[in-house]
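Everything below concerns the one structure shown next.
Note that these values count all heavy atoms, side chains included, but never hydrogens, waters or copies made by symmetry. Model, not experiment: these values are computed from the prediction. Letters A, B, ... mirror the listed sequences (proteins, then strands); counts begin at 1.
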Amino acid sequence: MDIIFKIIAIGLITCIATIIIKPIRSDFSIIIAIVGGLIIIFMIVNYLTDVFDSFKSIINLTGLNSELYKILLKIIGVGYLIEFTVGICSDTGNSSLGDKVLLGGKIIIMVMALPIITTILQIIMELLPT
Amino acid sequence: MEVEIIFKIAAIGLLTAIVGQILKQAGKDEISTLATMAGLIIVLIMVLNLIADLFVTLKTIFNF
């Protein structure tokens, strides 16, 4: 688990580089911050796959429908991506644009979650005595 | 795919700033603008590659 030191070092280096570059070229400092964030995400992506693999084995043990698990995974991915983008937007000073991206992400997650809700409703309807 | 891309971008920023200043001092304003623009575009292409990589990796992980 010494990757945490790498992540901390990359964060600090990115901060220092942005501080050095900002008075010279302020547009490059934003790009450096974005790239630092991307590098950190690339470093943790492998651990994310491990987590999802163990999730999948747990889901297989419970015998639930694997379609539900896939939907859940997609929703988590959309959440991470939207958070990353909103962070970049507010870093560059466009926080209202970030809010719109957030709204879009919420609506997409809602649309993705609709099959789960309909499944729950169908189960309830089957349980109800007619 | 490591830390050096941060240093690369910072170095390109410094270089283009210096080149732009020198060209401006020499009285070639239009070439200085072009040089600055070229640096920005190079860096943007590097960042675009990174973002494309990110999208591909996330698509494979989250089974999109």
Check: Does some side-chain heavy atom of R25(A) sit less than 4.5 Å from a side-chain heavy atom of L14(B)?
Finding: no

Without placing hydrogens or testing angles, list every side-chain donor-acceptor pair under 3.5 Å for residues 34-51 of chain A, not counting sequence neighbours.
from   : atom 1 : to     : atom 2 : distance (Å)
T49(A) : OG1    : N46(A) : O      : 2.3

Check: Would you say M110(A) and V78(A) are hydrophobically clustered, going by side-chain heavy atoms of ILVMFWY under 4.5 Å?
Finding: no

Check: Side-chain heavy atoms under 4.5 angstrom apart, residues restricted to Ile, Leu, Val, Met, Phe, Trp, Tyr: same cluster for Y80(A) and I7(A)?
Finding: yes

Item checked: Residues of residues 16-31 of chain B with any heavy atom under 4.5 Å of a heavy atom in chain A -> T16(B), A17(B)

Next item on the list: Determine, using the 4.5 Å side-chain heavy-atom cutoff (strictly less than), whether I3(A) and I61(B) are members of one ILVMFWY cluster.
Entry: yes

Notebook entry, point to check: Does L81(A) share a hydrophobic cluster with I51(B), counting links as ILVMFWY side-chain heavy atoms below 4.5 Å and allowing steps through other members?
Noted result: yes

Item checked: From CG (L40(B)) to CD1 (I31(A)), nearest 0.5 Å -> 5.5 Å

Checklist line | Contact listing (chain B partner; residues 95-109 of chain A; heavy atom under 4.5 Å) | finding: none

Next item on the list: Would you please go through residues 9-18 of chain A and name the residues with a non-hydrogen atom below 4.5 Å from one of chain B, in numerical order?
Entry: I10(A), I13(A), T14(A), A17(A)

Notebook entry, point to check: Taking a hydrophobic cluster as the set of Ile, Leu, Val, Met, Phe, Trp and Tyr residues connected by side-chain heavy atoms closer than 4.5 Å, whether directly or through intermediates, do F55(A) and L72(A) fall within one such cluster?
Noted result: no

Check: If you measure from CG on L58(B) to CZ on F84(A), what distance do you get to the nearest 0.5 Å?
Finding: 9.5 Å

